Protein chains: 2
Amino acid sequence: MVDGNVIISALGGAGLRITGARRAVSEAVAAHDGHFTAEDVLVASRRGGHPVGRATVFRSLETMAGLGLIERVDLPSGEHAYVACQPAAHHHHVVCSRCGRSVEVGDIGLDPLLERVQESTGYRIDSHRLELFGLCEECRSGARIASA
Amino acid sequence: MVDGNVIISALGGAGLRITGARRAVSEAVAAHDGHFTAEDVLVASRRGGHPVGRATVFRSLETMAGLGLIERVDLPSGEHAYVACQPAAHHHHVVCSRCGRSVEVGDIGLDPLLERVQESTGYRIDSHRLELFGLCEECRSGARIASA
DNA sequence: TTATATGCAAACGCTTTGCATCACG
DNA sequence: CGTGATGCAAAGCGTTTGCATATAA
């Protein structure tokens, strides 16, 4: 969970205009504790009393992703979602496969492993994508009662 | 690169019918040295003289993915692609970001790291997705000549 | 023979784009 | 003011589905 203002000020810092639509999107993003889709943002903006056009939602999310404020995540289902980030160095997200809530983990020490892969494959590895999925603490305890 | 017959026999082993369309898809998959999209398979089947319907391509790829013969990969661009697998235990793919060629790497020893993430986050991590991107040896040496 | 797989074409859902208008700075 | 941002609606793309037909077993 992130403060919407963090996003807004980051936009400002990047020389972008602070518009009503971007405020609405930022709030929607901040309101989500886990991953969310473009559609989620759209709906949230409507409920928040400041409806934003579908195209603008996509454009805003793209912008924010470019600034590293959010990150695109491909769920195992193939769905496209986003998660909020603390603008930071390298990190990964752990997404709850039940409730979608996500947490960030810092660098988990992947580099030595990648080094080894480079040696064995001859590829120069420039980037990677690691997504972790599982059950968060709450869903794990609730699992007995409400098994979805 | 994989022999198309490996795929065919795996299909047979799973009690599925060996049809012309599936042969064609298997060949197209086997012919690709790297990742490929559904569209690639469709085109390849046409060129191979055994055109397969678009829907059938998707259905076949889905089937093969279910059998672990191929795996779906989401490229950083958001594109959906597939790569052939040796039906095996846990492994990852390294995809060349220039030519798309991919190689498999076995278990790279991620488990201890995941263990640590579990402890720090409280999530029980059930699955993960690690995709590695970079330049393969050939593209790296060719990079000076044809920098794409 | 008979269930399974295929092909077609239409439906679908998500995402992007063109363009006139709006509003932040 | 002037440019960047927005909204709408339509186009675009990849993917899925319904249904009649063909075919492997």
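We name chains A, B, ... by the order of the sequence lines, and we start the count at 1 in each one. Computed from heavy atoms alone, side chains included, the values below leave out hydrogens, waters and symmetry copies. Keep in mind that what you see is a predicted model, and the values were worked out from it rather than measured.
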K.L.:
Would you list the protein and nucleotides 12-17 of chain C atom pairs, both N or O, that sit under 3.5 Å from each other?
P.N.:
| unit_1 | atom_1 | unit_2 | atom_2 | d |
| --- | --- | --- | --- | --- |
| C:dT15 | OP1 | A:His80 | ND1 | 3.2 |

K.L.:
If I take atom NE2 in residue B:His50 and atom P in nucleotide C:dA5, what distance separates them, rounded to the nearest angstrom?
P.N.:
15 Å
K.L.:
Whole-Å distance between D:dC8 C1' and A:Arg46 CZ?
P.N.:
13 Å
K.L.:
Kindly assign one of parallel, tilted or perpendicular to the pair A:Tyr82 and A:Phe36, based on the angle between their ring planes and the thresholds 30° and 60°.
P.N.:
parallel
K.L.:
Rounded to whole Å, how long is the line connecting atom CG of A:Leu42 with atom P of D:dA9?
P.N.:
14 Å
K.L.:
Any idea which heavy atoms bring A:Ala84 and A:Ile70 closest together, and the distance?
P.N.:
CA-CG2, 4.1 Å
K.L.:
Quick one: A:Leu61 CG to D:dT6 P, roughly how many Å, whole number?
P.N.:
12 Å
K.L.:
Could you report the tightest heavy-atom contact between B:Ser26 and B:Ile8, atom names first, then the distance?
P.N.:
OG-CD1, 3.5 Å
K.L.:
Mind listing the closest non-hydrogen atom pair of A:Ile108 and B:Leu113 along with its distance?
P.N.:
O-CD2, 3.5 Å
K.L.:
Rounding to 10 degrees, work out the angle separating the end axes of the helix from C:dT1-D:dA25 to C:dG25-D:dC1 (five pairs an end).
P.N.:
40°
K.L.:
Which residues in residues 13-23 of chain B have a heavy atom closer than 4.0 Å to any atom of DNA chain C?
P.N.:
B:Leu16, B:Arg17, B:Thr19, B:Ala21, B:Arg22
K.L.:
Compute whether any side-chain donor of one residue and acceptor of the other, for B:His50 and B:Arg23, lie under 3.5 angstrom apart.
P.N.:
no
K.L.:
Does a side-chain heavy-atom distance below 4.5 Å link B:Arg22 with B:Leu16?
P.N.:
yes
K.L.:
Is the shortest distance from a Lys or Arg side-chain nitrogen in B:Glu138 or B:Arg101 to a carboxylate oxygen in the other one below 4.0 Å?
P.N.:
yes
K.L.:
Could you check whether any side-chain heavy atom of B:Ile7 comes within less than 4.5 Å of a side-chain heavy atom of B:Val25, counting everything from C-beta outward?
P.N.:
no
K.L.:
Is any side-chain heavy atom of A:Arg54 closer than 4.5 Å to a side-chain heavy atom of A:Glu39?
P.N.:
yes
K.L.:
Can you tell whether the side chains of B:Arg129 and A:Asp74 come within less than 4.0 Å, N to carboxylate O?
P.N.:
no
